[in-house]
Amino acid sequence: MQNASANALVPRETRPGPIADIQKIAQHMARLNVAGLPRNYELFHEAIVGLNAGLAQDIAALGPHPHQAMLDELGLKYRLVGHCGLAGETSRNEASRLLREVAERLAEGMRYRDAFARACDTILKSVSSHEDQSLAAFIGELDYLSASLTSVSSAEMQIGARLADDIKRLETLERGISAMQAAAVADRITGLPNRIALNRVIADLYEREEGAAGSALVMVDVDNFTDLNERYGTPAGNKILKKLAGLFQKSVKKNDFVARTEADEFALLFSNVGMQDAMAIAERLRASVEDNLVFATSDKGDSGRLTISVGVALSTDAATPGQLQANARVALLAAQSNPRQPVQAFGR
């Protein structure tokens, strides 16, 4: 960041709401004649709202009318949730096909065994009903039985080898599905859990017998992150996100939770806290970020300090997981609109 521009960072206005983001994405997709599929919205959301410059460049490289298959390849490349699900479905279909092949091979092996059993039964009946059978005829039947046994053994060896290959392929698929499931709930840049993981944790919280009482959701937004990304570049922005992730991880205890939910937003869920404790935690987070995340700049008027806005909401004030997140969002928007009070509590 030593080669920064001399222009000071312009204070960012309050972030546009989700509706404005959706409209912007829909307009961009319409210009490119992209189908309105959920996974396509996710792809363009990551590129436009998520500030993923690499993905945006890859989409632009596809031209004015990108094919769906090409968009899906990009989704898989960037491990987006909707596309991981698409790949997971493909993997499950492949696993089903392999299992059908395994069943067919096992059935084939049973047919060989049945044929050998019938040959044994035929020869046994022949020997029993022809006591005066010549030695040459008896030896001929034994030769036939030996040939049948050789055929069965060879077939079973081939089937066994193919089954071993099928098992390896199934194990590879299983590992791939597990990796995709893990990727679906992990943020690609920071390695933290993502919004889907946060939704699951909050949903589990409300499903417990004791309810969600005693938990606090803290939403954090990085101030001026869009300007910072544009000024210093995406790699520098990603580096800051990683540092923030590390700082937040050190701020939570074993039973707490931290996630990166959007481009410049994080969420922390603390258990067994009231509003007073939650606000104290939020203030410590804010101070820790300002004290520890300082970057070099050539602008003497720019301290290079990173600042955050924080919104706090209690589970006791929300009847549902969605309401808890909405309350925290309201508090965060209040903090963003009032730089003098960058930490706000819902309903307080």
Side-chain angles (χ1 to χ4, degrees), residues 9-10 12-90 179-180 182-199 219-245 259-267 329 332 336:
L9 292 178
V10 178
R12 187 184 58 180
E13 298 179 357
T14 302
R15 163 201 292 260
I19 294 178
D21 288 341
I22 292 173
Q23 290 174 339
K24 184 177 181 180
I25 293 167
Q27 291 170 357
H28 196 75
M29 289 172 59
R31 285 197 298 270
L32 296 177
N33 290 325
V34 172
L37 301 174
R39 65 180 185 271
N40 288 340
Y41 277 102
E42 180 190 16
L43 188 74
F44 281 83
H45 183 281
E46 174 69 13
I48 298 172
V49 180
L51 304 177
N52 191 325
L55 176 57
Q57 291 172 1
D58 285 345
I59 292 175
L62 297 181
H65 304 293
H67 295 296
Q68 185 61 50
M70 296 177 178
L71 294 173
D72 288 342
E73 286 183 8
L74 287 183
L76 289 171
K77 174 183 176 181
Y78 286 89
R79 292 167 49 187
L80 300 185
V81 174
H83 294 78
C84 285
L86 184 67
E89 181 179 352
T90 301
M180 283 184 286
V185 293
D187 175 54
R188 185 176 55 85
I189 294 175
T190 65
L192 289 176
N194 61 13
R195 178 176 291 281
I196 291 178
L198 174 68
N199 291 342
M219 280 192 176
V220 176
D221 179 88
V222 183
D223 298 331
N224 300 313
F225 187 75
T226 301
D227 297 325
L228 189 150
N229 237 10
E230 292 176 353
R231 183 176 180 185
Y232 296 113
T234 301
N238 289 346
K239 187 175 181 179
I240 287 176
L241 291 174
K242 291 176 182 178
K243 287 186 175 181
L244 275 170
R260 180 187 175 219
T261 53
E262 287 189 25
D264 56 353
E265 281 189 9
F266 294 80
R329 172 70 61 187
L332 176 61
Q336 289 175 296

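One-based numbering along the sequence shown.
Here CD1 of I189 is found 12.0 Å from CG of N194. Values are rounded to the nearest 0.5 Å. Annotation: the span from M219 atom CE to Q336 atom CD amounts to 11.0 Å, rounded to 0.5 Å. Note: E46 CD to I25 CD1 = 10.5 Å, rounded to the nearest 0.5 Å. With rounding to the nearest 0.5 Å, the separation of CE in M29 from CD1 in I59 is 9.5 Å. Considering CG of L198 and CG of D187, their distance stands at 12.5 Å, rounded to 0.5 Å. Here the CG-CG distance, from N229 to N224, works out to 12.0 Å after rounding to the nearest 0.5 Å.
Between T261 and A267, the shortest heavy-atom contact is CG2-CB, 3.9 Å. Shortest non-hydrogen contact noted between E262 and R260 is O-NE, 3.1 Å. Counting all heavy atoms, side chain and backbone alike, A263 lies closest to F225 at O-CE2, 4.1 Å. Taking both residues in full, the closest heavy atoms of L71 and P66 are given as CD2-CB, 4.0 Å, listed atom of the first, atom of the second, then distance. The two residues L192 and A245 make their nearest non-hydrogen contact at CD1-CB, 3.5 Å. The two atoms that bring L43 and L55 nearest to each other are O-CD2, 3.4 Å, heavy atoms only.
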Is there a side chain to side chain contact (heavy atoms under 4.5 Å, CB included) between L74 and L62 once you walk through the steps?
CA-CA 10 Å; L74 287 183; L62 297 181; 3.7 Å; yes

After noting the C-alpha distance and the side-chain angles of I240 and Y232, does the key distance pass the side chain to side chain contact (heavy atoms under 4.5 Å, CB included) rule?
CA-CA 11 Å; I240 287 176; Y232 296 113; over 6 Å; no

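With hydrogens and angles ignored, the 3.5 Å screen pairs no side-chain donor or acceptor of R231 with any backbone N or O of G233. Using modelled atom types, no side-chain atom of N33 and backbone atom of H65 make a donor-acceptor pair closer than 3.5 Å.
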